[in-house]
Amino acid sequence: MWMRGGTSKGGYFLESDLPKGTKERDRFLLAVMGSPDERQIDGMGGGDPLTSKVAVVRKSNRAGVDVDYLFLQVVVDQPTVSDVQNCGNILAGVGPFVIERGLVKAEDGQTQVSIFMENTKQIAVAKVETPKGVVRYHGDTKIDGVPGAAAPVTLEFQDIAGSVCGALLPSGNALDVVENIEVTMIDNGMPCVIVRASDMGVSGTQTREELENNEALRKKLENLRLHCGELMNLGDVSGKTIPKMTMVREATRGGVISTRSFIPHHCHAGIGVLAAVSVASACLLEGSVANRLAKQVIGQKKNMSIEHPSGETTIVINTSKDGTVASAAVLRTANKLMDGVVFGF
């Protein structure tokens with residue numbers, strides 16, 4: 001089934017329908033997407049990292065969990081399929097998909113789906129609209145980066161600190177200096193390097209296309225990413241899609257902070273769900289790069305609007321009495337696009 005999840009799009013497969021063995025599976029998925037090719041002309045991919053994604057799902061044997069979800073990033077211009085990161089946008093389509101496939105029985109009204117995220121070994125809970133036991137895709141919920149409106153899908157995350165790096169702050173510090181640049185290295189669902197846009201020689205208000213065409217900026221970001229990867233317990237990240245590089249500045253449209261993200265070599269049209277969670281968390285960390293620029297939100301439950309090139313993403317952060325992040329939730333939408341047979345040779 002091909003679905004849009006949040007601001008991403010990709011193929012959703014039952015694990016049992018894919019070739020056995022990682023090499024065989026990855027070879028098939030590269031062919032399905034049409035990689036490696038910048039246009040992905042011979043496959044289903046759209047020539048963009050945001051449309052070259054895969055969800056692999058199976059019924060879970062874990063207590064209290066409905067399904068296991070593995071996210072795979074199929075690189076557009078390289079013969080690479082990566083499982084080192086999670087994807088909160090593709091996650092938004094998992095609930096509807098597993099209900100459609102009969103892995104979870106729909107309730108009348110709303111169905112809750114507990115999802116084990118294999119990439120990070122953590123659990124998310126999706127709430128899907130299912131009037132009369134049927135997934136509803138049409139609705140009034142709008143998210144920036146997606147035209148029109150659709151039915152809401154609520155995603156809640158708990159205990160995601162250190163999902164990949166082993167700690168919320170892999171270096172142990174809210175602020176580090178790497179290559180003479182102040183950075184915050186954080187992992188609250190997605191490993192991110194947060195840096196001031198001004199320190200990278202840009203204002204942080206540029207369009208995605210302007211940043212994509214700034215070769216000097218891209219080289220500077222990649223050099224910084226390679227050094228930070230080692231410090232984030234990720235080793236050599238030259239062939240990895242993490243950490244994400246997020247440039248920040250003061251909000252310009254009434255939000256908490258403004259972002260421009262690279263994922264990792266192309267500028268994101270918006271911001272990934274889990275990257276937005278990491279940025280929102282950094283905004284609350286005293287002394288961090290983001291904290292110094294962010295508009296602070298009062299209360300234990302904080303609605304934090306993270307601005308990005310195509311609008312904003314609101315992350316709902318629940319904090320403990322000591323101010324630490326207890327849980328995070330985000331409102332997404334999903335849409336079923338195609339259900340059929342795809343060929344990979």
Side-chain angles (χ1 to χ4, degrees), residues 1-19 24-59 66-77 81-83 86-106 111 113 115 126 128-143 145-153 155 269-270 272-273 310 332-345:
M1 186 178 291
W2 230 255
M3 301 187 75
R4 174 187 62 76
T7 54
S8 294
K9 182 168 63 176
Y12 289 68
F13 295 88
L14 295 178
E15 184 185 60
S16 57
D17 288 338
L18 289 173
E24 292 78 9
R25 179 202 69 193
D26 290 355
R27 188 181 302 118
F28 173 77
L29 293 176
L30 286 165
V32 164
M33 287 296 184
S35 296
D37 174 58
E38 289 187 354
R39 294 187 299 158
Q40 292 182 316
I41 193 65
D42 206 26
M44 297 291 290
D48 189 298
L50 301 182
T51 60
S52 187
K53 298 184 174 186
V54 168
V56 181
V57 184
R58 66 185 176 197
K59 190 77 174 175
D66 294 310
V67 294
D68 298 336
Y69 151 61
L70 175 68
F71 169 70
L72 298 172
Q73 178 73 59
V74 181
V75 179
V76 173
D77 56 358
V81 179
S82 173
D83 64 358
N86 205 342
C87 180
N89 277 303
I90 290 296
L91 174 67
V94 171
F97 172 69
V98 299
I99 295 170
E100 294 269 14
R101 286 289 186 261
L103 272 64
V104 173
K105 183 179 179 180
T111 302
V113 182
I115 304 165
V128 182
E129 300 295 310
T130 52
K132 298 182 179 180
V134 178
V135 177
R136 180 166 70 93
Y137 294 100
H138 299 292
D140 300 322
T141 300
K142 296 182 178 181
I143 60 173
V146 177
V153 177
L155 303 172
V273 168
S310 54
R332 297 278 86 186
T333 64
N335 195 18
K336 180 171 66 171
L337 305 176
M338 184 277 293
D339 191 0
V341 178
V342 66
F343 300 92
F345 300 99

### Message
Using the rule given for side chain to side chain contact (heavy atoms under 4.5 Å, CB included), can you reason through V98 versus I115, listing the C-alpha separation, both sets of side-chain angles and the distance that settles it, and then say yes or no?
### Response
CA-CA 10 Å; V98 299; I115 304 165; over 6 Å; no
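- Nearest approach of G11 to M33, heavy atoms of both residues: N-CE, 4.3 Å.
- You'll find the side chain of V273 stays beyond 4.5 Å of the side chain of L91, heavy atoms only.
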### side chain to side chain contact (heavy atoms under 4.5 Å, CB included) evaluation trace for L18 with V56
CA-CA 9 Å; L18 289 173; V56 181; 3.7 Å; yes
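- Among residues two or more places apart in sequence or in another chain, the salt bridge (Lys or Arg N to Asp or Glu O under 4.0 Å) test is passed with K336 by E100.
- Sorted by first and then second residue, the side chain to side chain donor-acceptor pair (under 3.5 Å) pairs with a member in residues 25-38 read S35-Q40; sequence neighbours excluded.
- Shown here for A92 and T333, the closest heavy-atom pair between the two residues is CB-O, 4.1 Å.
- Within the model, atoms CG of D17 and CE of M1 stand 11.0 Å from one another, a figure rounded to the nearest 0.5 Å.
- For residues 47-56, the salt bridge (charged side-chain N to carboxylate O under 4.0 Å, His left out) pairs, not counting sequence neighbours, are D48-R208.
- Nearest heavy-atom pair across S52 and V76 is CB-CG2, 4.1 Å.
- Checked against side-chain contact (heavy atoms from CB on, under 4.5 Å), N86 has the following partners two or more places apart in sequence or in another chain: Y69, F71, M117, N119, T120, L274.
- Applying the ring-ring contact (aromatic ring centres under 6.0 Å, His included) rule to Y12 yields the partners F97; only residues at least two apart in sequence or on another chain are considered.
- Evaluation of the salt bridge (Lys or Arg N to Asp or Glu O under 4.0 Å) rule for R136 yields E129 as partners, not counting sequence neighbours.
- Among residues two or more places apart in sequence or in another chain, the side-chain contact (heavy atoms from CB on, under 4.5 Å) test is passed with S310 by H308.
- With contacts defined as side-chain heavy-atom distances shorter than 4.5 Å, the pair L14/L103 qualifies.
- Remark: D77 engages no residue in a salt bridge (Lys or Arg N to Asp or Glu O under 4.0 Å) (not counting sequence neighbours).
- For N335, the side-chain hydrogen bond (donor to acceptor under 3.5 Å, both in side chains) test picks out no residue, with sequence neighbours left out.
- A distance of 6.5 Å separates CG of L29 from CG of L72, quoted to the nearest 0.5 Å.
- At a threshold of 4.5 Å between non-hydrogen side-chain atoms, the residues V113 and V94 do not count as touching.
- Residues forming a salt bridge (Lys or Arg N to Asp or Glu O under 4.0 Å) with R101 (at least two apart in sequence, or on another chain): D339.
- When all heavy atoms of N89 and G6 are compared, the pair lying nearest together is OD1-CA, 3.3 Å.
- A 4.5 Å side-chain heavy-atom check between V135 and T130 finds at least one atom pair inside the cut-off.
- Between the NZ atom of K59 and the OG atom of S16 there is a distance of 13.0 Å, given to the nearest 0.5 Å.
- Not a single ring-ring contact (aromatic ring centres under 6.0 Å, His included) links F13 to another residue, sequence neighbours left out.
- Take V146 and apply the side-chain contact (heavy atoms from CB on, under 4.5 Å) test, not counting sequence neighbours, and it matches R4, T7, I143.
- Nearest heavy-atom pair across A334 and P96 is CB-CG, 4.4 Å.
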